[in-house]
Amino acid sequence: MSNILAIAHKELKSYFASPIAYIVIGFSAILFGWFFVNLLYYFDRMSLQAGIGQGGPETVNVNEMLISPLFLNVSVILLFTLPMVTMRTYSEEKRSGTIELLLTAPLTDFQIVMGKFLGGLVLYAVMLSVTVIHLGFLFAFGNPEWRPVVTGYLGLLLMGACFLSLGLFISSLTKNQIVAGMITFALFLMFWVINWISSFTGPTSQNVLNYLSITEHLNDFTKGIIDTKHLVYYLSFIAFSLFLTVRAVDSERWRG
Amino acid sequence: MIEVQQLTKRYGPFTAVNDVSFKVERGEILGFLGPNGAGKTTTMRVLTGYMPPTEGRAIVAGYDILEQPLEAKRRTGYLPETPPLYPEMTVRDYLNFVSKIRGVPRSERKTRVDYVMDRTRIADMARRHCGKLSKGYRQRVGLAQALLHNPEVLILDEPTAGLDPKQIIETRQLIKELRGDHTVILSTHILPEVSATCQRVVIINKGRVVAVDTPDNLTSRLRGSETLYVQVDSMGVDAKTALEAIPGVTHVALSDTSGAATGFEINSEMGRDVRRQLSSTIVTRGWGLLELRPLRMSLEDVFLHLTTEDVAAPEAAVELANE
Ligand SMILES: Nc1ncnc2c1ncn2[C@@H]1O[C@H](COP(=O)(O)OP(=O)(O)OP(=O)(O)O)[C@@H](O)[C@H]1O
Ligand SMILES: [Mg+2]
């Protein structure tokens, strides 16, 4: 465990020593803010219309109309930022030769992969926690339900963890961090548009595609529901990606 | 302490290390010598558990590197060919990190880090970022990193590459001081380094071991006869014949002329000292004796001999390797 923490700590330090951490956090704070303001404006208009009975919705609910769509929009932010977090994790170590230090230290491949994953996850958690400030306003000036907010964040954390584990795997396959970043982005995009494509297809394939879509599983979380189906999906996605990463690191050794 | 048995490593169809076997005793310093691409780095990478061998075994500090890699790695310090530094970390942070993953107990970390920085003379760079170090300092931080957990076995891939002459001497001194407590394998192309630091040499070429011996033995074994160099001036035309007439001299060859001075390489029978005869002949003939010195076959010659005539003399190589 202490080995995993040592690697995670090193990863985090290297994120904050480079512009990556600041770009990722800044970019997500700005985008989140922009979504927030737009949705707030929209929500404001809706509640005004509801208030004066001009064909708006029957009831207005901050959670349903503002917080939930806001969380769903975060997947767009992740699409752009998380490839930047993972692209260099393995690629850079391979290019610079520091991987030789890790692989000849008394560490297991699993510890190295977990350490890197954890490092990325903590950076992502910091990035999410910055967005809490926006929501703080809602709690200060209104009284939204807190439960969907908490589960929403849990869902976001899990969804991000999926993206991170996938990105880590891609990074373990190449020496070139730009290539790693681009492939990761393409894959994220694929998982992201899957459920959009599914709306054009037949019911069976729609179900399958929806199940595969990373973002689709976030829905329930933003409504305050923790469904084991979604938990299982996210956790197995993460476990599988990390497993593949361990395999990739190991097989690289054999190929030399 | 280290035992390599019939180790073979292939990269795809290419065989980088071919059936290499050798042993290193506890406390010994072994030099690993070979031209570029000989397979030194590859062998070391197998010994440190960075990559598995295609065939054969390696036992390091009593543990098979494939079967109990963590135990072997715990007892090994490794300086790779390119020092594995994280550019954004300061030297101290870096050494701290390495001491963590190397399993140095928390309470000893600071003393160990200070100690190795002192030994490798990098204390004044403690707060410099690794990415901003000069080549020589990177090399030294790499060496410091390998010493951190006071390992029984040290594997150093070209430890003096990129160092200035003063540092080279200091580093060799440091390595010599490790003798006894640590078992060291170091690779190099620099031959004097081997004579200066190592008790035994493994010469490897194109993935094969061509000789294993002490540096002294290697130089003397390959010397079939004694060779002297003499330089004379104002000599007669019959000089060559006159020299050849000296008893014991087997062959005289003109080696160089500069102005009036002429140099000869004189071979004599093994074990027979012809210097006294030689000098008196020259003096009585009234020539000027400018220089007289033995030409030893240097390690350089041995090396070139063994690594260029590789296919020509496989038996000789095997013979040496078996000694
Ligand atoms: N990852 C690799 N893939 C394919 N071939 C490789 C790889 N690494 C090394 N080789 C080849 O294996 C051979 C031995 O290389 P190695 O690095 O072990 O040589 P070396 O003795 O360390 O040479 P040098 O003195 O230049 O450091 C070389 O021909 C090299 O091209
Ligand atoms: Mg090498």
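Naming: A, B, ... by sequence-line order, numbering from 1 per chain. Remember, it's a predicted structure, so these values are computed and weren't measured experimentally.
- Side-chain atoms of A/Y90 and A/Q177 include no donor-acceptor pair closer than 3.5 Å.
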| task | May I have the step-by-step check of ring-ring contact (aromatic ring centres under 6.0 Å, His included) for A/F71 and A/Y153, ending in yes or no? | result | CA-CA 8 Å; A/F71 278 158; A/Y153 269 111; 5.0 Å; yes
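- Among B/T82, B/I101, B/L70, the residue making the largest number of heavy-atom pairs under 4.5 Å with chain A is B/I101.
- Listed options A/K13, A/K10, A/H9 were ranked by heavy-atom pairs under 4.5 angstrom with chain B; first place goes to A/K10.
- Residues B/Y78 and B/Q145 have side chains that never bring a donor and an acceptor to within less than 3.5 angstrom of each other.
- The contact between B/F97 and chain A is made entirely by side chain atoms (from C-beta outward), counting heavy-atom distances below 4.5 Å.
- Using a cut-off of 4.0 Å between Lys/Arg side-chain N and Asp/Glu carboxylate O, B/R172 and B/E193 are scored as salt-bridged.
- Between A/F185 and A/F80, the two ring planes are tilted [angle within 30° to 60°].
- For a residue to count as touching a neighbouring chain, one of its non-hydrogen atoms must lie under 4.5 Å from one of that chain's; by this rule B/R10 does not touch chain A.
- Looking at A/E93, the atoms closer than 4.5 Å to chain B (heavy atoms on both sides) all sit in the side chain, from C-beta outward.
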